[in-house]
*Asks:* 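Below is the structure I would like to discuss, written out as structure tokens.
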2 protein chains.
Amino acid sequence: MRISDLSRSTGVSIPSIKYYIREGVLAPGDADGPNRSSYGEAHVARLRLIRGLIEGAGVTIAGVKQIVAALDGSMPLNDSFGVAQAAVPLAGRDAPVDPSSDAVERVLAVTEGIGRHHPAVPIAARALDTFAVVGEPLSEAWLARYAEAAAIVARADFDELEQRSDPVDQARIAAVGTALGDIVFQSLRRIAQATEGERRFPSPPASSSSPADTETAS
Amino acid sequence: MRISDLSRSTGVSIPSIKYYIREGVLAPGDADGPNRSSYGEAHVARLRLIRGLIEGAGVTIAGVKQIVAALDGSMPLNDSFGVAQAAVPLAGRDAPVDPSSDAVERVLAVTEGIGRHHPAVPIAARALDTFAVVGEPLSEAWLARYAEAAAIVARADFDELEQRSDPVDQARIAAVGTALGDIVFQSLRRIAQATEGERRFPSPPASSSSPADTETAS
DNA sequence: TGCAGTAGACAGTATCGCTATCCGATAGCT
DNA sequence: AGCTATCGGATAGCGATACTGTCTACTGCA
């Protein structure tokens, strides 16, 4: 399979494919000669993964590089999760502002064990601070329910993981699951918000004001 | 308060403040003269909100513009959620690929009511497709638990909302809560993954391999 | 009177994810 | 053997985003 076939069967342009190879997220083709390479199904699959992560989960090329490195060199399970966690853009990871210690306390109040030292703690705390700045500090109950939901999701992630026996499969699930799980959850949250909103504030028989319709905004 | 004071008390550079004013997300100062304006506490608060949304939640300037418009002109509650939902970058919103009908079915299977027509449905479905492409389709149980967690979060959001009586407060909570709730949840999910991972695969007394440590990757 | 500070306009910068073009080589057809 | 489409590889450019820097004209205050 030549590069043009690879391009045709994945919908990714040839320059983009070359770019991915250059960036090291896609393996070069097997060189049949000085300027003749052939690509296989592995390339098709990898390319689909790359596009899925970039388009579907907003992962950067640098993040994809880390994830595929985790897939290629099989690594301990916990580390796979860790790599994906570091690679997936948790918005706000590099804000320069320190969270208030009060907010950190609130996060730690719903957190146990090793999680207390997780780098996401200050990120969550900073988000709580931003809430407070807007003038509406959030209740403990709200945060506790978020933590409960997060625990459900984390258990689902690990249960899914344990259904696979091959450590390579597990690493893949961990890496990709962290990235795509975020967006699945965000989507379901928005859907649930719409459902719950409709339940609590049934809209008149009218037509034009469902949350869905605002998507048209630029 | 002059622009330099505003800059000093928020940590935002003067050119950035001018930029925000230019982009319409921050009100100009009250003009005392042709080149003399004064700024108040409202400007400080708004600026902190802007930085919080941009740095903390990854919202774009265009998204911030929509959110602050929702805050300034008070609008119906459902629409506030809708605006925030449209403004907050749900990664993968504009991927060109259609989801498989099978994936859409799976999402709809855990969705009810008005949510079935929500624009996030195809986004979630596309994420499921990407999972499948990597070779690891996810179980129904996994998705069902995600949906359960999303419902918990959505109910928490609305409960929080209903604690405020002022519709303006409600709009603010809805808009900001959608944006920042995403990142609070993502953070808590990562923390919960670390906790759950430690519970299921206790690491040896060693030191260097907690998921947290991988954050150092570029 | 002098100068720090201001508003406003506009051009420049850095990063990201491509995309376009050029080059020399060559496979495959005639 | 000759021709041409395509190839790999390299390098430069593009468009969007979020600033940042510079310039100008002006003005309040010491």
Side-chain angles (χ1 to χ4, degrees), chain A residues 1-8 10-39 43 47 49-68 87-89 91-96 218, chain B residues 1-39 43 47 50-68 87-89 91-96 218:
Chain A
M1 186 188 265
R2 284 172 290 176
I3 199 172
S4 54
D5 302 312
L6 182 59
S7 170
R8 218 167 297 118
T10 57
V12 180
S13 72
I14 291 177
S16 291
I17 293 172
K18 289 180 175 181
Y19 170 69
Y20 293 142
I21 293 172
R22 219 163 44 239
E23 292 297 315
V25 295
L26 182 67
D30 299 328
D32 303 334
N35 56 353
R36 207 87 189 155
S37 299
S38 53
Y39 303 83
H43 287 92
L47 214 33
L49 170 63
I50 293 168
R51 301 299 290 188
L53 289 173
I54 290 175
E55 287 182 349
V59 179
T60 63
I61 291 287
V64 172
K65 205 181 299 188
Q66 293 173 48
I67 291 176
V68 301
V88 176
R93 68 203 175 289
D94 44 32
S218 129
Chain B
M1 188 188 268
R2 285 171 290 175
I3 199 172
S4 54
D5 303 313
L6 181 60
S7 171
R8 218 169 297 118
S9 63
T10 57
V12 180
S13 71
I14 290 177
S16 292
I17 293 172
K18 289 181 176 181
Y19 169 69
Y20 293 141
I21 293 172
R22 221 163 42 240
E23 293 296 315
V25 295
L26 181 67
D30 299 329
D32 303 331
N35 57 352
R36 206 94 188 147
S37 299
S38 53
Y39 304 83
H43 287 91
L47 214 33
I50 293 167
R51 299 301 290 187
L53 289 173
I54 290 175
E55 287 182 350
V59 179
T60 63
I61 291 287
V64 172
K65 205 181 299 188
Q66 293 172 48
I67 291 176
V68 301
V88 176
R93 67 203 176 288
D94 43 33
S218 132

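Proteins get letters first, then strands, A, B, ... in listed order; numbering begins at 1 in each.
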*Asks:* Hey, what do you get for CD1 (Ile21(A)) to OG (Ser37(A)), rounding to the nearest 0.5 Å?
*Replies:*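 Reported value, rounded in 0.5 Å steps: 8.0 Å.
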*Asks:* Shoot me the first and last contacting nucleotide of DNA chain C against chain A, ordered 5' to 3', at under 4.0 angstrom to non-hydrogen atoms.
*Replies:*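 Contact boundaries, 5' end first: dG17(C) to dA27(C).
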*Asks:* Rounded to whole Å, how long is the line connecting atom CD1 of Ile54(B) with atom P of dT17(D)?
*Replies:* 13 Å
*Asks:* If I take atom CG in residue Asn35(A) and atom C1' in nucleotide dC7(D), what distance separates them, rounded to the nearest angstrom?
*Replies:*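 Going from Asn35(A) (CG) to dC7(D) (C1'), I get 5 Å.
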*Asks:* Which whole-number value in Å describes the distance from Glu55(B) CD to dT17(D) P?
*Replies:*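 Rounded to whole Å, this separation is 19 Å.
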*Asks:* Please give me the minimum heavy-atom distance between Ser4(A) and Ile14(A), naming the atom from each residue.
*Replies:*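 Minimum heavy-atom separation between Ser4(A) and Ile14(A): CA-CD1, 3.9 Å.
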*Asks:* Among residues 19-34 of chain B, which residues get a heavy atom nearer than 4.0 Å to DNA chain D?
*Replies:*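 Listed by number, they are Tyr19(B), Tyr20(B), Arg22(B), Pro34(B).
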*Asks:* Could you tell me whether the phosphate oxygens of dA5(D), OP1 or OP2, come under 4.0 Å of any side-chain nitrogen or oxygen in Arg36(A)?
*Replies:*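 Checking dA5(D) against Arg36(A), no side-chain N or O comes under 4.0 Å of OP1 or OP2.
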*Asks:* Below 4.0 angstrom, which residues in residues 1-10 of chain B have at least one non-hydrogen atom near DNA chain C?
*Replies:*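 When residues 1-10 of chain B is checked for heavy atoms under 4.0 Å from DNA chain C, the hits, listed by number, are Arg2(B), Ile3(B), Ser4(B).
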*Asks:* Using atom types as modelled and distance alone, determine if a side-chain donor or acceptor of Ser38(B) lies under 3.5 Å from a backbone N or O of Arg2(B).
*Replies:* no
*Asks:* Ile50(B) has an atom CD1; how far is it from atom P of dA18(D), in whole Å?
*Replies:*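 After rounding, the reported distance stands at 12 Å.
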*Asks:* Taking C-beta and beyond as the side chain, do Thr10(A) and Arg51(A) meet within less than 4.5 Å on heavy atoms?
*Replies:*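 The answer is no, as the side chains (C-beta and beyond) never meet within the 4.5 Å cut-off.
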*Asks:* Looking only at side-chain N and O atoms, does Ser16(B) come under 4.0 Å of OP1 or OP2 in dT20(D)?
*Replies:*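 So the side chain of Ser16(B) is within the cut-off, an N or O lying under 4.0 Å from OP1 or OP2 of dT20(D).
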*Asks:* Calculate, to the nearest 0.5 Å, the distance between atoms CD1 and CD1 belonging to Ile3(B) and Ile17(B) respectively.
*Replies:* 5.0 Å
*Asks:* Enter the distance from Met1(A):CE to Asp30(A):CG here, rounded to the nearest 0.5 Å.
*Replies:* 12.5 Å
*Asks:* Is it the case that the side chain of His43(A) and the backbone of Leu26(A) share a donor-acceptor pair, with hydrogens and angles ignored and the cut-off at 3.5 Å?
*Replies:*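 Not at all, since once roles are kept as given, no pair shorter than 3.5 Å links the two residues.
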*Asks:* State, yes or no, whether a side-chain contact exists between Tyr20(A) and Val64(A) at a heavy-atom distance under 4.5 Å.
*Replies:*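 Not in contact.
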*Asks:* Please round to the nearest 0.5 Å and tell me the distance separating atom OG of Ser13(A) and atom OH of Tyr19(A).
*Replies:* 11.5 Å
*Asks:* Working to the nearest 0.5 angstrom, can you tell me the gap between Ser16(A) OG and Leu47(A) CG?
*Replies:*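 Going from OG on Ser16(A) over to CG on Leu47(A), the span is 9.0 Å.
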*Asks:* May I have the distance from Ile17(B) (atom CD1) to dT20(D) (atom P), rounded to whole angstrom?
*Replies:* 11 Å
